[in-house]
Each structure stands twice: as structure tokens, then as C-alpha cells.
Amino acid sequence: MDTGIFQKKIDIGGVTTRNNVFMAPLAGYTDAPFRAMVVSLGAGLTVTEMVSCKGLCYGSEKTEELLSITSGETPSCAQIFGNDPEIMLRAALLPALQKFDIIDVNMGCPVPKLYKNGEGSALLNQPKLAEKIVQTLSKSGKPITVKMRIGVTENAYVTREFAKRMEGAGAKMITVHGRVRDAYYAGEPNCAEIAAAVSAVKIPVIANGGIFTVEQGKKMMNETGAAGIMIARGGMMDPRLFCDFSGVPRPAFLPLITKQINDLFAVYPEGFAAAYFRKQFSAYLHGVKGARRIRERLFRAVTKQELLTLAKEVDFEDKTESISTALDF
């Protein structure tokens with residue numbers, strides 16, 4: 001299958017990506033070793049899981065741990081969330097964020113805690129505040145990008161106008177998740193609304209939602225006219241999905257995650273690394289025969305050796321269903 005449309009580089013305020021197939025920021029998954037892995041498999045850009053600007057400003061050690069970075073991750077992008085422009089700028093000027101090439105602002109997360117705090121997708125209700133955030137963050141000297149949804153409730157879409165406002169405020173790229181906040185991750189993404197953003201702005205628009213195969217990626221590109229795509233749960237369940245887009249040969253899964261486990265424990269404290277990888281390992285088990293039994297053992301594993309031993313016992317290549325049966329972020 002011709003995958004030439006996925007080999008295009010994108011300019012983000014002077015920072016050039018490797019190609020136009022990106023890995024989405026996912027809380028609990030897109031740590032530094034995971035991002036390094038998907039880069040090696042052909043991802044054009046990776047993004048940290050979202051970090052709290054208030055947490056950074058107040059010296060949260062856990063927040064800073066999420067901003068580890070590997071030497072091969074170029075370009076690099078950190079995603080932040082908040083609703084106070086000045087605090088967000090203070091965070092962006094800290095060394096923890098200044099080491100990244102790009103800063104992305106989360107304006108799409110649907111979880112109740114953020115929404116009630118006026119963060120994430122709640123900013124879709126406050127376009128003037130969202131503009132102020134981007135304008136203020138642009139003083140950091142970094143290209144600022146935005147990840148948004150098409151609205152909060154169905155048939156009350158804000159896509160076109162919100163995208164125009166973000167461009168006007170100085171955003172260098174917009175990623176549009178083609179679902180409303182109330183839908184969370186259910187249902188088909190609305191390609192027409194993503195296309196509305198594409199037609200409204202001159203900066204690159206990346207399409208996100210429901211992409212588990214090259215065929216689905218092509219369909220998304222064709223129906224939206226987007227400059228590229230962002231993959232979420234598909235990459236989370238099998239990072240080798242990026243190989244199908246990039247042309248990098250698919251490696252065997254066991255050596256891949258063995259390296260990931262070793263890298264994770266080299267970067268983070270043992271307790272943090274074990275808890276983090278148990279969640280990732282569980283995602284890799286989607287569709288694997290006997291997954292429930294394996295997960296029971298997995299969540300009792302607390303050391304690197306226990307995780308390595310369990311990984312050797314799993315046949316990751318023998319899956320009973322495709323990752324395309326899962327909902328995407």
C-alpha cells in the first residue's frame with residue numbers, strides 16, 4: 001500500500017517534524033521511554049502526557065518526573081494544561097519545559113476534574129481566555145500549539161471559530177479531535193468538523209480520532225484535508241502501528257517491550273516505573289488470548305524482573321481480535 005501521504009514533514013513555527021503521523025499525548029502512557037520507542041518505529045512527533053502548570057510552578061516532583069526526555073526525541077513536545085495565562089507562562093519559562101522544542105496546550109481533555117476547574121475542554125466555552133493563554137504563552141519563545149475538540153455538546157460545534165481564534169492568537173498548529181466533550185471517546189469522529197478547521201486557518205491542522213489502520217488514516221486525510229494525523233489508542237495498544245505508516249520493518253514485540261521495561265526503570269524510581277508499566281503492559285494485552293489471567297498476575301508484579309519474566313510468557317503475536325475494535329482517543 002502506498003503510504004507516501006504519511007511521509008510529509010510539517011513546519012511548526014520553525015520546528016520541522018520527521019513526518020506527519022504523530023503519537024497523541026496519553027496520561028499514564030506517553031512517558032519518555034514509550035515516546036523514544038514510537039520514534040524508533042516511525043512516529044513523526046510525540047507529545048508528553050499533559051502536565052499541570054500549577055504543579056510545575058509549585059515544585060511538584062511527580063509533575064517534573066513526567067517531563068523526562070531522551071536524546072533521540074527530536075523534535076520534542078510537552079503538553080500542558082491550566083487556565084491562568086500568567087501561571088502557564090511561568091511554567092513555560094521553567095527549565096523543565098524550556099528543554100522542549102514545542103509546547104502544546106490541552107483544550108480538549110473531557111475528564112470531569114479538569115472540566116470543573118475550567119481547564120481542558122472547558123476552554124472551548126471560553127474562547128477569549130483561550131486566546132489569552134496562547135498569546136501569553138507565545139512570550140515563552142516556543143512554538144505554541146493547541147489540541148482541541150469540536151465542541152462541548154453535540155450539534156453545538158465551535159470548531160471553525162475556535163480554530164480561527166487560536167491561529168489569530170499565535171498558535172502554530174492545531175490538532176482537532178473530531179468528537180465533542182460529552183462524547184468522551186465514543187462514536188465516529190466528525191470529519192466534516194475537522195475539515196471546517198482546515199478550511200478556516202492557514203496553519204497546519206492535524207486530525208485525531210478513530211485511526212487504527214493505514215486505511216483509516218488515509219480516509220481521515222482524504223475526508224478532512226488535514227496536514228497529518230494523530231494516533232492515540234491504536235499506538236497505545238500496539239506501538240508497531242507506526243511501522244505501517246512509516247515503512248519501518250515491524251520488529252518482534254518481546255524485544256521491543258523488554259527494552260522499554262529496561263529503559264523505564266533506568267529513568268524512573270522502581271515503584272513509579274513498575275506502576276506505570278503495569279498500565280502499559282495491560283494495554284498491550286488487548287486481544288491476547290488469556291489476557292484476563294495474565295492481568296491478574298500483572299497487577300501483582302512490583303519489580304522489573306517480575307515484569308520481564310511475565311512478558312516472556314506472553315505470545316503478543318497471537319491476538320484474538322484487532323486493535324481496531326477498541327475506541328480511540
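Bear in mind that the values here come from a model prediction, so they are computed numbers and not experimental data.
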Legend entry - Main-chain N/O of E193 paired with Y157 side-chain donor or acceptor, under 3.5 Å: no
Inset, instruction - State whether K219 and E223 are salt-bridged, where the test is any N-O pair (Lys NZ or Arg NE/NH1/NH2 against Asp/Glu carboxylate O) under 4.0 Å. - result: yes
Inset, instruction - Quick one: name the residues clustered hydrophobically with V111, using the 4.5 Å side-chain heavy-atom rule over I, L, V, M, F, W, Y, and just say none if it's on its own. - result: M50, F81, L114
Legend entry - Side-chain donor-acceptor contact under 3.5 Å, Y115 with N125: yes
Inset, instruction - State whether R240 and E317 are salt-bridged, where the test is any N-O pair (Lys NZ or Arg NE/NH1/NH2 against Asp/Glu carboxylate O) under 4.0 Å. - result: yes
Inset, instruction - Tell me yes or no: between the side chains of N106 and Q79, is some donor less than 3.5 Å from an acceptor? - result: yes
Inset, instruction - May I ask whether I203 and V176 are part of the same hydrophobic cluster, defined by side-chain heavy atoms of I, L, V, M, F, W, Y residues being less than 4.5 angstrom apart, directly or through others? - result: yes
Inset, instruction - Measure the acute angle between the ring planes of F253 and F316, then classify it against the limits of 30° and 60° as parallel, tilted or perpendicular. - result: tilted
Legend entry - Donor + acceptor pair across side chains of Q280, D31 (<3.5 Å): yes
Legend entry - Side-chain donor or acceptor of T70 paired with backbone N/O of A36 under 3.5 Å: no
Legend entry - Aromatic centroids of F265 and F277 separated by under 6.0 Å: no
Inset, instruction - Indicate whether any N or O donor in one side chain lies under 3.5 Å from an N or O acceptor in the other, for T303 and E270. - result: no
Legend entry - From T145, T175, T48, residue fulfilling side-chain hydrogen bond (donor to acceptor under 3.5 Å, both in side chains) relative to D104: T145
Legend entry - Salt bridge flag under 4.0 Å for residues D238 and R250: yes
Inset, instruction - Please determine which of K312, E306, Q305 meets the side-chain hydrogen bond (donor to acceptor under 3.5 Å, both in side chains) test together with T309. - result: Q305
Inset, instruction - Say whether S121 and R149, considering side chains only, have a donor N or O and an acceptor N or O under 3.5 Å apart. - result: no
